[in-house]
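Worksheet: one structure, shown below.
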Amino acid sequence: MPEPVKKTVSAFAKKPKTQVAEEGATVVFETETEKPDAKVRWQCNTKDLVSDDKYVIKADGNKHSLTIQAVTKEDGTAYAVIAGGSKVKFDLKVKEKEVMEEVKLELKEKVKEEVKEKQEEAQSGAGDPAAPDPAATYTVAPAEAPTPAETPASADTTPAAPQPGANIQAHDTPGFDESQAPDTKTDLTGLFTEKPQSGEVTVGENINFVAKVNAASLLKKPTIKWFKGKWMDLASKSGKNLQLKELYDRNSKVYTFEMQIIEAKPSFAGAYRCEVSSRDKFDSCNFDLTVHEARAVEGFDIRAAFRRTSMDGSEEAGELDFSALLKKRDSCFKGSPGHRASKSQVKSEPDEDVWEILQKAKASEYEKIAFQYGITDLRGMLKRLKKMKKEEKKSEVFLKKLDPAYQVEKGHKMKLCIEVANEDVDVKWLKNGQEIQSTGSKYIFESVGNKRYLTINHCSLSDDATYTCVVGDEKCTTELFVKEPPVTITSNLEDQMVMKGERVELECEVSEEGATVKWEKDGVELTRDESFKYRFKKDGRKHVLIINEATKEDCGHYTVKTNGGESMAELMVSEKELEVYQNIADLTVKAKDEAVFKCEVSDETVKGIWYKNGVEVKADARTHITHIGRIHKLTIDDVKPEDQGDYTFVPEGYAFNLSAKLNFLEVKIDYVPRQDPPKIHLDCMGHTADSTIMVVAGNKLRLDVPITGDPAPTVVWTKGEKVMTEGDGRLHVESTKGHCIFTIEGADKQDEGVYSVIVRNPAGEDKADINVKVVDAPDPPSAPRILSVGEDSCVVQWDPPKSDGGNPIIGYVLERKKKKSYRWMRLNFDPYTDTTYEAKRMIEGVEYEMRVYAVNAIGMSCHSAASQPFIPVAPTSEPVGLCVDDISDTTISLKWRTPEHLGSSELDGYGVEYCKEGSDEWVPAFEGLTERTSVIIRDLPTGEKMQFRVRAYNTAGPSAPTSLAQAVTIREIMQKPKIWIPRNLRQTLTKKVEETINLVIPFQGKPRPVITWSKDGEPLNPKQVSVRNSDTDTILFIRKSERKDSGKYEVKLQIENVEDTASISIQIVDLPGSPEKLKIMDVWGFNVALDWKPPKDNGNCEITGYMVQKADKKTMEWYTVYELYRRTNCVVADLIMGNEYIFRIYAVNMVGLSLEPCFSADSAYIQKTGFEYKPPTYKEHDFSEAPKFTHPLVSRSVIAGYNATLSCSVRGIPKPKVTWYKNKMDISNEAKYRMFSKLGILTLEIRKPCLFDGGVYMCKAVNASGEDVVECKLEIRPQITKEEKDKQMNKAD
């Protein structure tokens, strides 16, 4: 059976507590451990502390302490003490000394005043329940019945700008911990320059609340939020009764935020909050709004107040509002004559305590009691009652409970904290009544002192619940509200252009599935009306607005809005133009023949009505009306004389008609046989424009020529000299009685020309010419060119098409689209006659493309190629700060700053212009543009007054110009010459031989001064030294310097009679020469004395030292004795006896060593000397050592019947004698025990121990130097039988 798991025991008998201290005080944290030899570590912010001037760490047995000297604000942080596997956390809170004392005094006075007020209120409420106005005594909240959504907010408001007293009061409360509050990423700072103040308003009136923020020190524009209660964000409530405004003053850099309440209602009363944030800065302010009822007029109907009211004004909906009724009743009766009588009548009633009645009554009876006792502020009394009930029952378990409600954004972390009276008590956390299990990293439970924390990571909507902390039989509850992030629009709406009657779908995509969006048209919200004109469709994150049949009234701007953004698109609806493909023609028919009127239009769905002489034609046995596809026919069988007249076809819904005439041809029968010559009956013969027949390319060409002649003539069709026959499949020639028909299927340009028809019979012949012209839609125009762009417009130009299709171009149609879209939108519906067009109503910063169609009488061409992509941009603002930087007789230097507003396009450059004073002719200062913000303009007329201006250019063109305040005279201003010697040249300049010298000496002076250089009073040698001069500096250049270039150089500036001079010293240095006359002055023992003289050439600089080297004549290897030796004599010591040495010396200066050393003329021999060796004497070492156990005995617990061993190790010289004891009795001669000793390891073997072998075993080691003892405890456990083991297993199951 496994051993039971032991509960972890803390290593601390006493734990340190959190303390609050003043600045400059000394704080001592004390703790006690269970074991006196336990090692204790103190930490600050997880870093180990060591004793120093600041921290003093002491340990006395099992008592340990940490002392912090001279406490500062930086010391107010988290600390911990660690012993073994136990760790205890505690805090140090540091407060300002003076503030604490002042606040404590204020708090004491404030508490006394509140207690006194409560006693007076209780006495007045109990002694006189019929006081004239109870609401004046007990009102603690606006007189509005709390709604379910506002109850948490009213129960717990967050003080955004706490008063100093309130803040210190919270910190002085025992066990207060700032970590109880939810985690926030911002700190409270003073951002408001003007805070909104509490206000009062009468129902129906308007009121403004103003907040101002100074943005001079802010890196980002401040963001402001307005709240009602604690959590209700008013940004989503903006509309008819609430408007939010924002103003910015560029001069003072102050933002002004306004909240305007229009036509206030009683429900608007309550607590409000204004929050402002900018990156890591945050500030907020609370204010209240009180809404007063309008004074009742005479004739107030008490029954009207009992009617049910609703938001839509209907009398049957809603609930009885007793609170509003009581206010109206009170305001109405206050001024009435019977008011005093009712007052006295109330006083005559027996005294009753309203508070006791409310405490004992049910919640459903509160309004009834309020009505009975004339309570006008029921909500305030209920809140005070709730507070009194809480005060009556004081928790013995909780020192601090959870707040009534918390709010956290989705995906963030939430930390709930409570404070208990007993540090060792266990707590349970519940979510909606179910215990929370610690699984994974979702929930984290922490216990720090008497505080208990529940941390909820990555909050989601499922975490929006009620949380309860249970300690024994008591519990505290809070509500957690999870706020979703704003829904943004990821795919915007696109502009559309449709024809009338078509279906429209406006589609967008949002960031969250199932999000709620609002659709608006021209600022008016769209809803599902009775005709279902608008339909709203949701598909995951996609939202679609569907218009079934678009009309002209549907044109406008449609907007989709979410709580995180909006998107707008334009819808354009155009009328369908009905095109006539085939018109009806005049007919001449004989009696009994068939007359057919036929026309063809572009729309198959269009219906029409046939009229004869203005009277609608009805179908009958002889008259047939048919509509098949695009073709409409009127057929009249067995034509009679009364059928003659004007026939008209009128399409439904279109304001035009098609007309033709029916002629009745009477036929007279002559029984006298005769021959008539052939005759062609045509009105379009000849080559004039009126006689030309036009046919659209691709359509059928049908020439129906009426002819007469007896006998029937033969017909021949020709084009030029070619006779047209039916050899081609497209050509058909047909002759009937009285007609000859010539047909060409699918006419094209090749069929254009003059056709002749010749008729012959025996009586003669006739001939007619018919001019046929084939026309077509024009070719597409060339790709449009963008001439210029504006903020929301562009000017586009294109070339006409190469071919007009045989018909003049009547205009052009333009379309545009966004670069990333596939939908083209038409810009004009009527043909535009010019080839330059200004397109408007575009969005700045969005890339667009354009294309063009050509239109003639036949139709519309294919679209042209798309233009190059372009972006509508506005010109930049004008450059700022234009000023004159420098001026001379012919030049001027100007400089300026970039424009304040650049727009969405990059800046191309700047253009500079000038003109003479009094002239309007501006001349460009240079070709093209410059990207720099300064320019030098040359070749200007001397003495002329000139005006200058600068423009900024971008894709949209030039900006407004910025000019100088007044004209400038082009004349150089006299300036005295002045030489500015650089700091490094004010002292001697040192250079090495062959180094380059390049001296740049700046100066000033106008006009350009005359510059003269000299060396030591003599002119410079131009072969060795070069001089280059400019308008602002002069340069002295020596490519390879030599020793002779050393000296004093002077430069002189001269303008007329004024001059300035300056001098520069240059020193050219080189390697020194070798020292001279090195001699060996003396040799004694192991030492040699040397002496020498300095070199004749020091290299034009000071000798900094000498390098002395020695060499043994046997090896001739040189070793340095002295590296930088200052004197000219030295002693070389520590030479080896019996060796012969020579010496050499180098001279050293700032350049380096001399090229050649100076050698000693003689050598030095170190003589050998004899000596006697005396061996050292040593004292014999004592290796004896007293016995010492290096490894002690370890207490053990073994089972009876099994051999057991006890082991330890000992050392000592000489080898100690070992004796074993049991309960202080010698067991060396006991047969039950065996003793082993090997290399200092001692082992005692106990053979099959029984229960009596348990006890204290001791091992003693003794030698001549001393003795040592070690002992341990041995526990013998009885064996467990199989039956007992089975019983224990069954019991465990």
Side-chain angles (χ1 to χ4, degrees), residues 788 875-903 905-980 1000-1013 1026-1035 1051-1060:
S788 63
T876 68
S877 60
E878 68 276 4
V880 295
L882 177 63
C883 63
V884 177
D885 189 32
D886 195 9
I887 192 170
S888 68
D889 287 341
T890 58
T891 64
I892 188 171
S893 176
L894 302 175
K895 64 179 181 180
W896 60 90
R897 297 193 303 275
T898 55
E900 293 182 354
H901 174 69
L902 296 179
S905 175
E906 294 183 358
L907 191 65
D908 294 337
Y910 300 94
V912 184
E913 298 173 320
Y914 64 86
C915 72
K916 295 182 180 180
E917 187 180 28
S919 174
D920 294 334
E921 183 180 354
W922 291 92
V923 180
F926 47 81
E927 293 184 2
L929 303 176
T930 178
E931 296 181 357
R932 301 175 59 186
T933 55
S934 62
V935 69
I936 298 176
I937 304 175
R938 306 181 186 277
D939 301 329
L940 297 175
T942 304
E944 192 73 47
K945 279 194 173 184
M946 308 288 288
Q947 180 61 269
F948 297 87
R949 70 181 185 185
V950 180
R951 296 173 182 260
Y953 287 78
N954 65 357
T955 309
S959 68
T962 179
S963 305
L964 293 175
Q966 57 186 6
V968 179
T969 302
I970 308 301
R971 181 178 291 112
E972 193 163 34
I973 301 172
M974 175 67 178
Q975 187 179 24
K976 291 183 179 180
K978 179 66 177 178
I979 301 174
W980 304 103
V1000 180
I1001 311 298
F1003 62 82
Q1004 68 178 28
K1006 290 184 180 181
R1008 183 172 176 174
V1010 177
I1011 305 169
T1012 306
W1013 283 88
S1026 300
V1027 176
R1028 291 193 290 268
N1029 300 323
S1030 69
D1031 293 340
T1032 57
D1033 56 37
T1034 178
I1035 300 175
V1051 57
K1052 182 174 71 173
L1053 302 183
Q1054 185 173 0
I1055 301 176
E1056 296 179 357
N1057 297 328
V1058 183
E1059 64 181 27
D1060 189 22

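Keep in mind that what you see is a predicted model, and the values were worked out from it rather than measured.
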### Query
What pairs with D1031 under salt bridge (charged side-chain N to carboxylate O under 4.0 Å, His left out), at least two apart in sequence or on another chain?
R1008
### Task
Take W980 and I1001 through the side-chain contact (heavy atoms from CB on, under 4.5 Å) test and state the conclusion after the steps.
CA-CA 7 Å; W980 304 103; I1001 311 298; over 6 Å; no
### Summary
All heavy atoms of P977 vs all of L1053, minimum pair found to be CB-CB, 3.9 Å
### Summary
Rounded to the nearest 0.5 angstrom, the CD1-CD1 distance for I970 and I937 is 8.5 Å
#### Entry: Candidate pair L894 and V884, rule side-chain contact (heavy atoms from CB on, under 4.5 Å), full reasoning
CA-CA 5 Å; L894 302 175; V884 177; 4.0 Å; yes
### Query
T891: what forms a side-chain hydrogen bond (donor to acceptor under 3.5 Å, both in side chains) with it, not counting sequence neighbours?
S888
### Query
Is the shortest heavy-atom distance from the side chain of Q947 to the side chain of L964 under 4.5 Å?
yes
### Query
How long is the span from the CG atom in L929 to the CG atom in D908, to the nearest 0.5 Å?
7.0 Å
### Message
According to ring-ring contact (aromatic ring centres under 6.0 Å, His included), does anything in residues 923-943 pair up with another residue at least two apart or in another chain? List the pairs.
### Response
none
### Task
Please confirm whether the backbone N or O of P961 pairs with a side-chain atom of R951, one donor and one acceptor, at under 3.5 Å?
no
### Message
Nearest 0.5 angstrom please: R971 CZ to E944 CD, how far?
### Response
10.5 Å
### Task
Would you mind reporting whether F1003 and I1011 have side-chain heavy atoms less than 4.5 Å apart?
yes
### Task
Not counting sequence neighbours, which residues clear side-chain contact (heavy atoms from CB on, under 4.5 Å) with S877? List them please.
P899, E900, H901
#### Entry: salt bridge (charged side-chain N to carboxylate O under 4.0 Å, His left out) against K895, all qualifying residues, sequence neighbours excluded
D885
### Counterpart residues, side-chain hydrogen bond (donor to acceptor under 3.5 Å, both in side chains), relative to R897 (two or more places apart)
none
Could you give the side-chain donor-acceptor pairs of residues 910-920 under 3.5 Å, partners two or more places apart or in another chain?
from: E913; atom 1: OE1; to: R949; atom 2: NE; distance (Å): 2.6
from: E913; atom 1: OE1; to: R949; atom 2: NH2; distance (Å): 2.8
from: S919; atom 1: OG; to: E921; atom 2: N; distance (Å): 3.1

### Message
Are S893 and I887 packed together at the side-chain level, in the sense that at least one heavy-atom pair is separated by less than 4.5 angstrom?
### Response
no
### Summary
Distance col, row S959:OG vs Y953:OH, nearest 0.5 angstrom, shows 8.0 Å
### Summary
When rounded to the nearest 0.5 Å, the distance separating CD of E1059 from OG1 of T1012 is 9.0 Å
### Query
With a 4.5 Å limit on heavy-atom distance, are the side chains of I979 and V1051 in contact?
yes
### Query
Are T890 and T942 close enough that some pair of their side-chain heavy atoms sits under 4.5 Å apart?
yes
### Query
Can you list the residues that meet the side-chain hydrogen bond (donor to acceptor under 3.5 Å, both in side chains) rule with D1033, with sequence neighbours excluded?
S1030
### Query
side-chain hydrogen bond (donor to acceptor under 3.5 Å, both in side chains): which pairs involve residues 922-939, sequence neighbours left out?
none
### Query
Taking N954 for the side chain and L907 for the main chain, is one N or O donor matched with an acceptor at less than 3.5 Å?
no
### Summary
On a heavy-atom basis, the closest approach of P875 and G957 is CB-O, 4.4 Å
#### Entry: Side chain proximity check, P1002 to T1032, heavy atoms < 4.5 angstrom
no
### Query
Who passes side-chain contact (heavy atoms from CB on, under 4.5 Å) against P924, sequence neighbours left out?
none
### Message
Go through it in stages, so that I can follow the logic: the residues are D1060 and K978, the test is side-chain contact (heavy atoms from CB on, under 4.5 Å), and I'd like the CA-CA distance, side-chain angles, deciding distance and then a yes or no.
### Response
CA-CA 6 Å; D1060 189 22; K978 179 66 177 178; 3.7 Å; yes
### Query
Can you name the side-chain hydrogen bond (donor to acceptor under 3.5 Å, both in side chains) partners of W1013, sequence neighbours left out?
T1034
